[in-house]
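Accompanying notes for the structure given below.
Just so it is clear: chains get the letters A, B, ... in the order the sequence lines come, proteins before strands, and each one is counted from 1.
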Protein chains: 2
Amino acid sequence: MTIDRLADTDYQLTEKGTPVSGTRRRVTQRDIARLSGVSQATVSLVLNNRLDAGVRIAPETRERVLRAIRETGYVADPLARRLADRNNRIIGVFTYEPVFPSGTRDFYHPFLVGIEENAERRSCDLLLLTSAPVQDGRRRIFAEGSRIRLADGCVLLGRDIDRDDLARLIEEDIPFVSVGRRDDAGGPVPYVGADYAAASAAMVGRALDAGHRELAYIGRGEGPESYADRLRGFTSAAPGTARRLPALDAASLDRLTAEGVTAVFLEEPADVPAVSAWAAERGLRIPADLSVVALGDPTRPVSIDLDATGFTIPRRDMGLQAVEVLDALLEGAETQAQRLLPCELHDGTTLAPPATGRNPS
Amino acid sequence: MTIDRLADTDYQLTEKGTPVSGTRRRVTQRDIARLSGVSQATVSLVLNNRLDAGVRIAPETRERVLRAIRETGYVADPLARRLADRNNRIIGVFTYEPVFPSGTRDFYHPFLVGIEENAERRSCDLLLLTSAPVQDGRRRIFAEGSRIRLADGCVLLGRDIDRDDLARLIEEDIPFVSVGRRDDAGGPVPYVGADYAAASAAMVGRALDAGHRELAYIGRGEGPESYADRLRGFTSAAPGTARRLPALDAASLDRLTAEGVTAVFLEEPADVPAVSAWAAERGLRIPADLSVVALGDPTRPVSIDLDATGFTIPRRDMGLQAVEVLDALLEGAETQAQRLLPCELHDGTTLAPPATGRNPS
DNA sequence: TCAAGATGATAATTCGTATTATCATCTTGA
DNA sequence: TCAAGATGATAATACGAATTATCATCTTGA
């Protein structure tokens with residue numbers, strides 16, 4: 001029984017004797033076994049070299065098998081291998097909107113950089129769940145024929161994620177991690193979020209240090225957890241006199257400044273240009289006449305002329321750690337499954353001490 | 001036998017009666033079979049709905065099975081399906097570099113927009129083959145444990161793609177489409193490329209129309225197919241006197257202009273700023289003293305002050321059509337598997353008639 | 001009434017690999 | 001010389017899904 005049987009006709013035939021069609025069949029352990037006159041099991045044992053667990057292979061046979069493997073260039077079918085150990089090493093990525101938006105500036109991109117980086121490191125593939133059917137303008141996780149279970153686990157991206165979806169993920173025991181903090185939904189939700197509350201509070205601290213006393217928060221402060229967190233952080237650090245404005249409009253801004261507000265905090269950093277425009281119309285200068293703090297960094301292109309004071313969301317790191325947590329969940333390892341990462345404060349040029357005398361007594 | 005047996009204890013046990021450990025098991029056809037009181041084979045038959053081949057299922061059982069599938073959210077394990085040589089509606093995306101680069105301006109992004117758009121339309125998921133091991137700084141398609149076969153087929157992205165890899169893809173009969181034209185590699189390569197040759201020739205035509213007679217091509221004109229195509233297009237349309245400069249450097253540019261060249265064609269659009277800077281140093285104005293044509297559009301940020309004359313590579317559409325071709329290949333449908341899409345010419349401001357008298361006789 | 005055909009479901013096998021239990025055969029030691 | 005232990009390999013099975021051949025059961029027609 002020699003190696004060159006590889007060239008024999010019987011190697012060209014399948015078990016049943018039907019000739020292999022034009023395309024060459026890939027070499028399997030069975031082939032190696034035939035070539036070296038052993039059983040398929042032996043080949044597998046040689047390959048996995050399980051010295052432990054009391055598996056013994058005669059050096060002689062071992063060599064014979066290894067030689068056949070070398071000569072044929074056999075490599076294990078990764079699919080079959082994975083099938084046998086029930087781990088597909090596929091990480092699903094779900095977003096309610098397209099992952100690759102046409103818009104120039106990309107909201108998801110930084111997260112994905114981190115996710116890809118860590119997936120690569122862990123030899124995982126990423127499955128973008130683009131097949132999820134779109135209903136009412138957004139993709140649905142759990143629609144008829146949902147393929148979310150194709151992946152071993154899933155990373156969820158998006159500003160707001162349906163609570164019912166989260167509850168169902170938990171209920172159905174589908175491993176997942178949310179990028180961005182989420183409230184409990186029928187159980188604790190694993191997440192890697194940015195610590196908006198702490199960062200917002202810190203920004204308030206800076207404003208107070210600079211001498212501001214009359215502050216205002218502009219934004220809904222509800223809906224997505226990230227909004228609520230900002231408002232909570234703001235409220236926790238701001239004096240009781242702080243105002244709140246649910247939405248941005250010129251009239252309200254007029255009123256606020258008339259009432260003596262010297263610093264406004266924008267829940268939505270993308271609103272900076274609007275405030276800037278409003279100020280220009282009124283002949284007010286930022287920050288001389290009014291300080292503006294962005295509670296985050298702009299996700300949409302913002303006027304270049306203004307370097308807003310605010311903080312940076314560690315997007316890449318969030319994506320990175322989300323994969324880390326997911327991996328731990330899949331391995332059944334212990335992990336901190338709810339993480340809040342600190343934001344880096346950004347000085348910018350829109351926060352300065354208030355003009356004296358503008359503060360009403 | 002009702003669906004709520006899902007909650008029964010025996011569902012929590014494996015066949016052998018050993019309790020399922022902490023690790024979740026994915027729902028299998030066997031589970032569905034138990035739930036609906038049929039055999040695994042029946043479940044498979046229902047799923048694959050083989051009305052042909054004389055397979056009959058009673059509507060009643062069919063419904064029962066489908067109900068169980070709906071209630072459990074069952075999806076077939078993609079690995080098992082591939083092992084059995086079936087399709088999963090998963091399109092692989094392979095790039096030699098990370099799909100999501102850290103750099104702001106993203107080379108792959110526009111292609112991916114098109115790919116995702118079409119994948120979504122066809123209810124396919126995208127598998128980013130991030131698990132491919134990195135050797136010598138680039139991912140390898142065919143390394144030990146390559147999981148490329150996990151996808152039904154694959155879209156290849158990248159300026160230059162390894163010829164041997166292409167050959168092996170063909171040899172192993174793995175359906176794929178290259179984004180960007182590729183030379184044959186052991187067989188015709190399916191691709192969706194940009195028609196650089198035609199676009200380059202067209203740009204030469206414009207320069208000639210404007211009165212230019214002495215032209216120069218700057219670039220290697222070899223390596224990636226896209227470079228060769230540009231040079232070929234240029235050469236086909238340019239007069240025999242046209243010069244060629246393999247790489248960009250100040251001295252050579254000096255020489256070219258001294259020799260009377262009035263228009264340069266840049267293989268690499270990203271070189272525009274360099275030429276612009278050189279011109280500024282020499283006190284030359286573009287296009288008054290020298291016309292500059294970019295053979296493509298910049299993939300890297302380019303000085304904003306110069307709107308280069310050139311053409312636009314239809315990236316989104318290339319991605320879109322790549323998926324279209326791949327789908328056709330998978331379906332075994334007839335298609336034009338090698339496509340060159342036209343580029344849109346962009347007027348810009350860097351091409352103008354040459355200053356009179358500068359042309360040597 | 002009984003064979004032939006229609007109907008509906010299943011057992012068995014395949015894909016390629018991993019693992020466990022089992023089975024021969026050969027050494028020892030007393 | 002015979003049982004106990006060591007040694008080396010294999011059979012059997014699992015993983016999850018697809019498919020073919022087979023087997024019951026029920027209709028129908030003459």
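- Contacts of A:R182 classified as side chain to side chain donor-acceptor pair (under 3.5 Å), with partners at least two apart in sequence or in another chain: A:S178.
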Pairing string of DNA chain D (Watson-Crick or G-U wobble, both atom distances under 3.5 Å; | = paired to other strand) is ||||||||||||||||||||||||||||||
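- Between A:R67 and A:E71, at least one side-chain N (NZ, or NE/NH1/NH2) sits under 4.0 Å from a carboxylate O, which counts as a salt bridge.
- Salt bridge annotation for A:R82-A:D85: present, with a cationic side-chain nitrogen under 4.0 angstrom from a carboxylate oxygen.
- Contact annotation: B:R86 side-chain N/O to D:dA17 OP1/OP2 distance is not under 4.0 Å.
- Remark: P of C:dG16 and CZ of B:R147 are 18 Å apart, rounded to the nearest angstrom.
- Here B:A76 lies in heavy-atom contact (under 4.0 Å) with sugar-phosphate atoms only.
- Atom P of nucleotide C:dG16 and atom CG of B:D77 are separated by 17 Å, given to the nearest angstrom.
- Both B:V43 and A:A80 lie near DNA chain D, and the one whose nearest nucleotide falls closer to the 5' end is A:A80.
- Between B:E120 and A:R139, at least one side-chain N (NZ, or NE/NH1/NH2) sits under 4.0 Å from a carboxylate O, which counts as a salt bridge.
- A donor-acceptor pair shorter than 3.5 Å can be found between the side chains of B:N88 and B:R81.
- Across all non-hydrogen atoms, the minimal contact from A:V65 to A:S36 is CG2-OG, 3.8 Å.
- B:R86 and B:D152 are not joined by a salt bridge, as no carboxylate oxygen comes within less than 4.0 angstrom of a charged side-chain nitrogen.
- Atom CG in A:L83 sits about 4 Å away from atom C1' in D:dC15, given to the nearest Å.
- When each of C:dG16, D:dG16, C:dA18 is scored by its nearest atom to the side-chain atoms of B:T28, the top-ranked nucleotide is D:dG16.
- Taking atom CZ on B:R81 and atom P on C:dG16, their separation rounds to 17 Å, with Å as the unit.
- Under 4.0 angstrom from either OP1 or OP2 of C:dC15 there lies at least one side-chain N or O belonging to A:R30.
- Side chain of B:T335 to main chain of B:V325: no donor-acceptor pair is present (N/O by atom type, distance under 3.5 Å, no hydrogens or angles).
- One can place CG of A:N87 at 18 Å from P of C:dT17, the figure rounded to the nearest angstrom.
- The nearest whole Å value for the distance from the CG atom in B:L150 to the C1' atom in C:dC15 is 15 Å.
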Anything under 3.5 Å between a protein N or O and an N or O of nucleotides 5-12 of chain C, put it in a table, one pair a line.
from	atom 1	to	atom 2	distance (Å)
C:dG8	N7	B:R56	NE	3.4
C:dG8	N7	B:R56	NH2	2.5
C:dG8	O6	B:R56	NH2	3.4
C:dA9	OP1	B:T61	OG1	2.7
C:dA9	OP2	B:A58	N	2.8
C:dA9	OP2	B:T61	OG1	3.0
C:dT10	OP2	B:S39	N	2.9
C:dT10	OP2	B:S39	OG	3.0
C:dT10	OP2	B:T42	OG1	2.5

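- In this structure, A:Y74 does not reach the C:dG16 phosphate: none of its side-chain N or O atoms is under 4.0 Å from OP1 or OP2.
- By the 4.0 Å N-to-carboxylate-O rule, A:R34 lies close enough to A:D31 to be salt-bridged with it.
- Set against D:dT19, C:dT19, D:dC15, the side chain of A:N48 has C:dT19 as its closest nucleotide.
- Across the protein-nucleic acid pair, B:L47 atom CG and D:dT19 atom P stand 11 Å apart, rounded to whole Å.
- Looking at heavy atoms from C-beta onward, A:L127 lies out of side-chain contact with A:R147 at the 4.5 angstrom threshold.
- Whole-Å rounding puts the A:R26 CZ to C:dG16 P distance at 8 Å.
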